[in-house]
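Quick note on labels: first sequence line is chain A, next is B, and so on, each numbered from 1.
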Amino acid sequence: MTAYDRIYAITRQIPYGHVATYGQIAELADYPRQARLVGYALYRITPEQNIPWHRVINAKGEVSHSVLRHGTDYLQRHLLEQEGIEFTPAGKISLSRYQWQPHKM
DNA sequence: GCCATGACGGAGC
DNA sequence: TGCTCCGCCATGG
């Protein structure tokens, strides 16, 4: 059981049509302030793990860009739009409207 | 076991 | 409003 497993477990709980931020995932996984680990964990995800990685975005409500992703950022946006999530002309998502509200507090 | 890295966050300028 | 810098820490070489 690695830190990644916890992060993946949380990520799988994000409901359809909703999104969560890296920091939020980190916090729920009991790793506050470790948003970077979340990004690193998602980077190492394999398709077989069946994880809705596209529902994880940064605190700004945007899809993060990275050359390491080989264009999957574009795919992420596409997948989110298919779930009914709207992007602003600036390419951002309204967190106040789509952010996942977990029961935990 | 040390060192660099990483899909981030947020404070500061 | 937007860019830069630093912290944070598990993972891999």
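Following rounding to the nearest Å, D73(A) (CG) and dG6(B) (C1') show an atom-to-atom distance of 16 Å. Going from atom CG of N58(A) over to atom P of dG2(C) covers 14 Å, rounded to whole Å. The CD-C1' distance, from E27(A) to dC9(C), rounds to 16 Å in whole Å. Distance CG (L95(A)) to P (dC8(B)): 15 Å, rounded to an integer number of Å. Between the C1' atom of dC9(C) and the CZ atom of R6(A) lies a distance of 14 Å, rounded to the nearest Å. Between Y43(A) atom OH and dC8(B) atom P the separation is 13 Å, expressed in whole Å.
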Q: Could you check F87(A) against K92(A) for side chain to side chain contact (heavy atoms under 4.5 Å, CB included), going step by step and ending with a plain yes or no?
A: CA-CA 5 Å; F87(A) 281 74; K92(A) 299 214 280 191; over 6 Å; no
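At most 12 non-hydrogen atoms from other residues, nucleotides or ligands lie less than 6.0 angstrom from OH of Y43(A). Other residues, nucleotides and ligands contribute at most 12 non-hydrogen atoms within 6.0 Å of the CZ atom of R33(A).
At least one donor-acceptor pair closer than 3.5 Å links the side chain of Q24(A) to the backbone N or O of T21(A). At least one donor-acceptor pair closer than 3.5 Å links the side chain of Q13(A) to the backbone N or O of A9(A). Checked by atom type and distance alone, the side chain of Y98(A) pairs as donor or acceptor with a backbone atom of E86(A) at under 3.5 Å. No donor-acceptor distance shorter than 3.5 angstrom exists from the side chain of Y22(A) to the backbone of L37(A), with no hydrogens or angles considered.
Clustering of Ile, Leu, Val, Met, Phe, Trp and Tyr by side-chain heavy atoms under 4.5 Å joins Y74(A) with none of the others. Applying the 4.5 Å side-chain rule to ILVMFWY residues, one finds that Y16(A) remains a lone member of its cluster.
Between S64(A) and the phosphate of dC8(B), there is a side-chain N or O to OP1/OP2 separation shorter than 4.0 Å.
Follow the hydrophobic side-chain contacts under 4.5 Å out from W53(A) and you never reach I85(A); the two are in separate clusters.
Defined by atom type and a distance below 3.5 Å, a donor-acceptor pair is missing between the side-chain atoms of E27(A) and Q34(A). Side chains of H18(A) and E83(A): a donor-acceptor N/O pair is absent below 3.5 angstrom, by distance only.
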Could you go through nucleotides 2-4 of chain B and list every protein N or O atom that sits under 3.5 Å from one of its N or O atoms, giving the distance for each pair?
none

Sub-3.5 Å pairs of nitrogen or oxygen atoms, protein against nucleotides 10-13 of chain B:
none

Pairs under 3.5 Å (N/O, protein and nucleotides 10-13 of chain C):
| residue | atom | partner | partner atom | Å |
| --- | --- | --- | --- | --- |
| dT11(C) | OP1 | A3(A) | N | 3.1 |
| dG12(C) | OP1 | R44(A) | NH1 | 3.0 |

Enumerate all atom pairs, one protein N or O and one N or O from nucleotides 3-7 of chain C, separated by less than 3.5 Å.
| residue | atom | partner | partner atom | Å |
| --- | --- | --- | --- | --- |
| dG7(C) | O6 | R36(A) | NH1 | 3.4 |

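Put simply, CG on L28(A) and CD1 on I10(A) are 5.0 Å apart, with the number rounded to the nearest 0.5 Å.
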